[in-house]
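Notes follow once the structure below has been shown.
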Amino acid sequence: MRTLIVDPVAPAPYNLDSLRGGALGGTEATVIRIAEGLDARVLQHNRARDQGRYLAGAAIDTAGGGGGRGAPEASHVVVLREPAAALAQRQRYPQARVWLWLHDLCGPGSGRGDKLLAHAARLAAAGVALVCVSDFHAGQVRQLLAALPEAARPRVVRIYNPVDVDGAAGQGGAAADYDPNKLAFFSSPHKGLDYTLHLFRHLHKRDPALRLYLANPGYRSATLDAQPGVVNLGAIPHHELMRHLRGALCAFYPNYVYPETFGLVLAESNAVGTPVLAHGIGAAAEVLNGAGQLIAVPRVRALADSVFWRWPALRSAGERGLNWLGAADGYAATLRRWQQGGRPRVGGQARFALERVLADWRAELAGAAP
């Protein structure tokens, strides 16, 4: 099989060195692991020159068409995220099989969902299958496509993202040494960072020993004011993220606004023996491996957020009022219990191990060979 992965939307070029030594988003890290494992080539729209299997994108543009040089040979083409790009590659490779590898939320009423729905009938007619990264994600896409006649729905398959943390994936057990006062939020700022910081401000007043370590993939940064107890690591390499996760009481992820289609950092945390304090939205319950990591969203949040959305200036004072009413009590009680020895025992899931995921990809590609 000559497999080509086409990335028409990456924020910056990437390759194996990016995974080893730089900050990187979860999708790009996943593409590298799969490409290396399958011996696939990766065509990137913003790469200026070839570097091994990572090819300059003269054969594509951000919409998936155009290009000045001949397209590389391929019998199997996997296109990231963009339906129009998948259809363009279908035309470019008429003898190949084509997949659209979805990584983003595509629920009914969302921007990406509307785009996918608009292209769905043409994708189905062209034989383009949709790859989702979790059962939650696949269910969301199937719900979206249910509005269409069955013949206009592309085939949907679920292949998990791989978890590869120095061989820790699939191995249970708690981390041997950790700091009971260290919390870690290692994700893009749009995944609930504002709320995390508001919440931590209150938790830190209750327990000044607490520290919250922040890091992000680098493609979407945030300007943060100094805040007591907050340590901003910025964009750091993957191996450093794992070192910090291993040494933390927990991954502190009170995100209730942006459902994860997979949640790589959640799975990685468990794989290194570190529990996650999170809410059961998106794929969180599917990805986490160990009881006691999910807590309910405070009931007053929905009403409060509707007020803050209308009058953003009220948020700071409003958050203080919510905490006074007890909105932070569940988080504080859970952290205190974990600090005092009740920390959950967690581990990685074998189904996320790199070799298992590569086997799933090989089976899918072989089963759909032209």
Side-chain angles (χ1 to χ4, degrees), residues 1-60 62 69 71-82 85 89 99 101 103 131 133 159-170 186-188 215-221 233-246 262-265 267-269 271-272 348 352-362 364-365:
M1 291 185 289
R2 301 181 304 279
T3 302
L4 177 68
I5 300 174
V6 179
D7 190 340
V9 295
Y14 53 87
N15 55 31
L16 186 57
D17 290 339
S18 307
L19 183 60
R20 290 169 173 165
L24 200 63
T27 297
E28 291 75 28
T30 293
V31 171
I32 293 169
R33 291 179 177 124
I34 297 302
E36 295 291 330
L38 297 179
D39 193 24
R41 290 159 299 165
V42 182
L43 194 66
Q44 298 169 352
H45 73 100
N46 48 11
R47 175 170 288 281
R49 61 183 179 85
D50 295 352
Q51 189 172 13
R53 72 177 72 254
Y54 301 90
L55 308 180
I60 59 172
T62 54
R69 81 171 184 196
E73 291 186 4
S75 60
H76 299 73
V77 181
V78 180
V79 182
L80 269 74
R81 289 177 158 160
E82 288 295 333
Q89 297 304 321
W99 290 260
W101 194 1
H103 288 265
V131 178
V133 298
I159 302 179
Y160 286 118
N161 287 337
V163 176
D164 187 21
V165 287
D166 302 325
F186 293 165
S187 195
S188 180
N216 67 72
Y219 57 82
R220 187 179 297 193
S221 60
L233 300 172
I236 60 176
H238 183 261
H239 68 274
E240 292 188 25
L241 286 176
M242 294 304 101
R243 177 173 59 82
H244 280 287
L245 277 176
R246 282 188 174 95
F262 183 78
L264 187 59
V265 71
E268 289 177 332
S269 296
V272 299
F352 303 152
L354 178 58
E355 286 306 317
R356 171 69 177 273
V357 175
L358 288 172
D360 291 343
W361 268 107
R362 292 187 185 104
E364 173 64 23
L365 296 173

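In this structure, the separation between CD1 on Ile159 and OG1 on Thr30 is 12.0 Å, given to the nearest 0.5 Å. Rounding to the nearest 0.5 Å gives a distance of 7.5 Å between CG of Asp164 and NE2 of His238. To the nearest 0.5 Å, the span separating CD on Gln89 from CD on Glu82 amounts to 12.0 Å. Here the CZ atom belonging to Arg2 is positioned 8.0 Å from the CZ atom belonging to Arg41, to the nearest 0.5 angstrom. Here CG of Leu245 is found 7.5 Å from CD of Glu268. Values are rounded to the nearest 0.5 Å.
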**OP:** Please assess Val42 against Val31 for the test side chain to side chain contact (heavy atoms under 4.5 Å, CB included), listing each intermediate value before the final yes or no.
**Re:** CA-CA 8 Å; Val42 182; Val31 171; 4.2 Å; yes
**OP:** Show the numbers, then the answer: is there a side chain to side chain contact (heavy atoms under 4.5 Å, CB included) between Leu241 and Val265?
**Re:** CA-CA 9 Å; Leu241 286 176; Val265 71; over 6 Å; no
**OP:** Step by step, work out the side chain to side chain contact (heavy atoms under 4.5 Å, CB included) result for Phe262 and His103.
**Re:** CA-CA 8 Å; Phe262 183 78; His103 288 265; over 6 Å; no
Original post:
Could you go step by step and tell me if Ile236 and Phe186 meet the side chain to side chain contact (heavy atoms under 4.5 Å, CB included) rule?
Top reply: CA-CA 10 Å; Ile236 60 176; Phe186 293 165; 5.5 Å; no
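For Asn15 (side chain) and Ser18 (main-chain N/O), a donor-acceptor pair under 3.5 Å exists by modelled atom type. Not a single donor-acceptor pair under 3.5 Å links the side chain of Arg20 to the backbone N or O of Pro237.
Taking Arg243 as the reference, nothing meets the salt bridge (charged side-chain N to carboxylate O under 4.0 Å, His left out) condition, with sequence neighbours excluded. Remark: Arg81 engages Asp104 in a salt bridge (charged side-chain N to carboxylate O under 4.0 Å, His left out) (not counting sequence neighbours). His244 is linked by a ring pair (Phe, Tyr, Trp, His ring centres under 6.0 Å) to Tyr213, counting only residues two or more places apart in sequence or in another chain. Partners of Ala29 by side chain to side chain contact (heavy atoms under 4.5 Å, CB included), not counting sequence neighbours, listed by chain and number: Leu19, Leu24, Arg33. With sequence neighbours excluded, the residues forming a ring pair (Phe, Tyr, Trp, His ring centres under 6.0 Å) with Tyr160 are Phe352, listed by chain and number.
Minimum interatomic distance between Leu55 and Pro72 (heavy atoms only, all atoms of both residues): CD1-CG, 4.0 Å. Counting all heavy atoms, side chain and backbone alike, Pro8 lies closest to Val6 at CD-O, 3.4 Å. Closest non-hydrogen pair, Ala215 versus Leu233, comes out as CB-CB, 4.2 Å. Scanning all heavy atoms of the two residues, the minimum distance from Val165 to Arg246 falls at O-NH2, 3.5 Å. The two residues Pro13 and Asn46 make their nearest non-hydrogen contact at CG-O, 3.3 Å. Residues Gln44 and Tyr54 share a closest heavy-atom pair of NE2-CD2, 3.8 Å.
With a 4.5 Å cut-off on side-chain heavy atoms, Thr27 and Trp101 do not count as touching. Contact check for Asp7 versus Ile5: no side-chain heavy atoms found under the 4.5 Å cut-off. A heavy-atom distance below 4.5 Å is found between the side chains of Leu365 and Leu38. Ser188 is not listed as a side-chain neighbour of Asn216, based on a closest heavy-atom distance of 4.5 Å or more.
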Which side-chain N or O atoms in residues 353-362 pair as donor and acceptor under 3.5 Å with protein atoms at least two apart or in another chain?
from: Arg362; atom 1: NH2; to: Gly37; atom 2: O; distance (Å): 3.1

